[in-house]
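The structure under discussion appears below in the form of structure tokens.
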Amino acid sequence: MRGSFRNTLSIGFVTTMLLLSACSGGGAGVGEPGAPGPGESSKGGTPAASGPADKSKRVTIKIMANFSEANITPADKALFDKLKAALNVDLEWVVPPSTGYKEQLQLSLVSGDYADLVMFPSETDETFLNAVKEGIVIPVNPYLDQLKNIKQHTYDISWEALETNRDGKIYGVPRTSVARNDGFIIREDWLKNIGFKMPENREVTIDQFTEILRKFTFEDPDKNGKNDTYGFAGYLNGSKMIDPILSSQFGNLGWQKSTGGEFEYMTPMYDKNNTKIYKDVLAYTQMAFKEGLVDPDSPVIERSASIERFERGISGIRYEFSGNMTGSETRGKKINPNTDIEYIFIQDREGKLKGAAYGTATFGVWGVTNKAKEPQRALEVLDWLLSDEGWNMVKYGVEGVEYNMVNGERQYNPDAKAPWRKNIVRRANDGDFFIPTNLPEKERQQIKRWVDRSIETVVFSLDKGYIPPAAKKPEYMDFKLIWDETITKIMIGELPVDEFDKLLAQWYKKGGEEYVKQMNEYIKSTQK
């Protein structure tokens, strides 16, 4: 029996808006709230798994996924053929166009025509939260003991974030995103031209970093005789704001145990009893803008434009994942053959290297729905991909299809494309996964050194990406616009840093007090 593929079409914007607040149609039944937690016996709802699934019967698993390409390629098919043979399953794929994925997801949930295994955008996404509330997404606790690979290769913080109802039940499997404390890619040829000697560990102090920014801006690092370079390349983030140049380096590590004040947990951004840390973050970025050390286009351009300007030699340093060094260098060399790109980290004021991880180390959530007749076998699809056998192919592709071994190294077929295989599962702490597989092994190992260092130095924020209900109140949301605008003006030097004190006082009056209280209640509920 061959697996089938179904390519759905996107729906109209008007229909989407009508569906935003709705998420019904799944009803109760298999997997409704009340399923047993780990080690509990089944008392109705989702049946507890008593042991390994019976693979003697071939079943079809319907999967809805968000991939950049709608059609399966031969290289991806080769991997899934191995999976199907190993698990005795067929796979039916539902892959809407990526630009309309969320709308199609909402439509399928409302209509009741949804898959067994569904990719949700995040653990805080309203679509996911509604699906849990309606009983469409079922707890996975009864099956986890049989899914050793998923358990072994997922961060604890990711499981905690998926205790959606804070009832001990886990509502999904995280698509792991390796938690990293990323550093910066830098023009190594410029460093040589300004005579800066880089430490062997590629870690510099804040003062040394500032020295590099100034020399990249004012000492003609590209030796073209023109005053046309800048130290830092910034850009607008997803919220249409610029990010601070340095943050963790000043002690801004997100929500942590408070050192004083009325709240047990606090983040420097909202700490009215000690504004120094966050004001130092703002002040550093303001200094860099005022001195002209930042590409002046930074407050108005998107990330892609910032990358392009860096590769053209307009700026010399940018915040980036080390695995992207090679691509930037290759493109940069087409413009200037002397382009040499390397990596650096910036230590904090105590000479230590550590940085806050983004969110909960997840990049989407796989939810098992109450349509799944064989929930455990659906989850085993993910588990097999994380096994040693499956992971080797997820990571590198299928030998003989995507690559061939030549003199002990993988030689990749440039025409073989596999856009799906790396977008289903990831192993926690395996940063090597993100390094381009077609690089020479020596180069991969060099990059892996920086990836591993970024993983080693992560500090998790205790909020786990949680957004309190207070953040959704109209008054708070309206003031958020003022907050963002004011923070931006402070960073680019249009307002003094001390303006932050007034802003924070207003924030507490516009819903911030309730926000912090609710965040503290949430964090307390997660502490074990």
Side-chain angles (χ1 to χ4, degrees), residues 182-236 242-246 249 284-347 436 439-440 442-444 446-447 449-450 453-454 491-493:
D182 283 335
F184 302 80
I185 56 175
I186 188 169
R187 286 291 296 261
E188 190 77 1
D189 51 321
W190 288 15
L191 280 178
K192 294 176 182 177
N193 288 340
I194 65 172
F196 186 89
K197 185 172 176 59
M198 183 65 62
E200 174 63 25
N201 65 1
R202 307 293 299 186
E203 296 178 18
V204 299
T205 66
I206 294 173
D207 287 344
Q208 288 174 318
F209 180 67
T210 307
E211 176 190 350
I212 293 170
L213 290 180
R214 288 175 176 149
K215 290 186 174 183
F216 275 10
T217 302
F218 301 119
E219 296 190 8
D220 191 22
D222 58 356
K223 300 302 180 184
N224 68 351
K226 300 178 182 179
N227 183 23
D228 59 355
T229 58
Y230 301 93
F232 192 77
Y235 58 90
L236 295 173
I242 57 169
D243 290 314
I245 296 174
L246 300 180
Q249 293 81 0
Y284 187 87
T285 301
Q286 185 182 97
M287 173 278 296
F289 269 98
K290 282 187 172 182
E291 288 192 21
L293 311 182
V294 184
D295 181 349
D297 281 6
S298 297
V300 295
I301 60 176
E302 304 291 336
R303 182 174 185 271
S304 59
S306 177
I307 293 173
E308 186 265 340
R309 289 173 68 80
F310 172 80
E311 292 167 356
R312 281 169 50 198
I314 293 172
S315 53
I317 304 175
R318 59 173 281 106
Y319 177 74
E320 188 58 271
F321 168 54
S322 58
N324 291 336
M325 283 195 306
T326 302
S328 280
E329 184 173 280
T330 300
R331 292 187 295 269
K333 281 185 178 296
K334 292 179 180 179
I335 300 170
N336 179 354
N338 294 322
T339 298
D340 182 10
I341 293 174
E342 253 293 351
Y343 208 67
I344 63 169
F345 293 99
I346 319 301
Q347 298 172 341
L439 294 179
K442 183 177 180 181
E443 193 170 347
R444 293 189 85 255
Q446 180 185 13
I447 295 173
R449 176 185 174 188
W450 312 132
R453 187 65 176 137
S454 70
M491 286 194 290
I492 65 177

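Excluded from the calculations below are hydrogen atoms, water molecules and symmetry mates; all remaining heavy atoms, backbone and side chain alike, are included.
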Does the side-chain contact (heavy atoms from CB on, under 4.5 Å) test come out yes or no for L236 and I301, once each step is laid out?
CA-CA 6 Å; L236 295 173; I301 60 176; over 6 Å; no
All heavy atoms of P299 vs all of I492, minimum pair found to be CG-CG2, 4.1 Å
Those residues at least two apart in sequence (or on a different chain) that pass side chain to side chain contact (heavy atoms under 4.5 Å, CB included) with E203 are N201, F345, Q347, L353, R453
With a 4.5 Å cut-off on side-chain heavy atoms, are D220 and N227 touching?
no
Contacts of R449 meeting side chain to side chain contact (heavy atoms under 4.5 Å, CB included) (sequence neighbours excluded), chain-then-number -> E200
Derivation and outcome, salt bridge (Lys or Arg N to Asp or Glu O under 4.0 Å), residues K192 and E342: CA-CA 12 Å; K192 294 176 182 177; E342 253 293 351; over 6 Å; no
Any donor-acceptor pair under 3.5 Å linking the side chain of R444 with the backbone of P436? yes
The side-chain hydrogen bond (donor to acceptor under 3.5 Å, both in side chains) partners of S298 (sequence neighbours excluded) come to none
Taking R309 for the side chain and I314 for the main chain, is one N or O donor matched with an acceptor at less than 3.5 Å?
-> no
For Y319, the side chain to side chain contact (heavy atoms under 4.5 Å, CB included) test, sequence neighbours excluded, returns D182, F184
Residues pairing under ring-ring contact (aromatic ring centres under 6.0 Å, His included) where one sits in residues 288-312, two or more places apart or in two chains, turn out to be none
With sequence neighbours left out, the residues meeting side chain to side chain contact (heavy atoms under 4.5 Å, CB included) with D228 are D222, N224, K226
Self-check item: S306 side chain to G234 backbone, donor-acceptor under 3.5 Å
Solution: yes
Q. Taking Q208 for the side chain and T205 for the main chain, is one N or O donor matched with an acceptor at less than 3.5 Å?
A. yes
